[in-house]
> 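The structure that follows is given in the form of structure tokens.
Everything numeric here is computed off the predicted structure, so don't read it as measured data.
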Amino acid sequence: LNALWYRLPVVPFDIAGMYSRKPTVFQVNNLSRFPIYEVDFGPGKPVLAIPPDLPNPILIWPAPSWKGGVEVYFSGVLAHVARKLQGRENWLREIDRYLQ
């Protein structure tokens, strides 16, 4: 109700649940089509662009042209879980297979 009173956008899921110790909701922000490598800032187009430090649990970001594809960044609890997996999980091996 407070969000409506201040005319803030209402999100239909538990935002606080995303940032808890045991999250029940994950937000994925997909910027894979963001044309960051096409913008010319004067001296030329960027060679590498690092995503902003936004509080996205999962962020999909375009990889540099020399690398190709996209990069997936995890933060918070998901980053700790992904670090522990280190390729031991079947689903992670399947994703890696398609990235090569």
> Write down the atom of Pro46, the atom of Val39, and the distance for their closest heavy-atom approach.
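Minimum heavy-atom contact is CD-O, 3.1 Å.
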> Nearest 0.5 Å, what's the CD1-CH2 distance between Ile50 and Trp61?
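The CH2 atom of Trp61 is 10.0 Å from CD1 of Ile50, to the nearest 0.5 Å.
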> Checking side chain to side chain contact (heavy atoms under 4.5 Å, CB included) for the pair Phe74/Ile58: CA distance, chi angles, key distance, verdict?
CA-CA 5 Å; Phe74 296 99; Ile58 303 172; 3.9 Å; yes
> Any side-chain heavy atom of Tyr73 sitting closer than 4.5 Å to one from Ile60?
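Sidechains of Ile60 and Tyr73: no contact.
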> Taking all non-hydrogen atoms of both residues into account, name the closest pair between Pro51 and Leu59 and its distance.
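Between these two residues, the closest heavy atoms are CB-CD2, 3.5 Å.
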> Restricting to non-hydrogen atoms, name the atom on Glu38 and the atom on Lys45 that form the minimum distance, rounded to 0.1 Å.
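Smallest interatomic distance, heavy atoms only, reads O-CE, 3.6 Å.
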> Could you grab the distance from atom CG of Asn29 to atom CZ of Phe34, nearest 0.5 Å is fine?
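Output value for this atom pair is 10.5 Å.
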> If you look at every heavy atom in Pro64 and Val47, which pair is closest and at what distance?
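In this case the closest contact between Pro64 and Val47 is CB-O, 3.4 Å.
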> Which atom names give the shortest non-hydrogen contact between Val70 and Ser32, and what distance separates them?
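It is CG1-CB, 3.6 Å.
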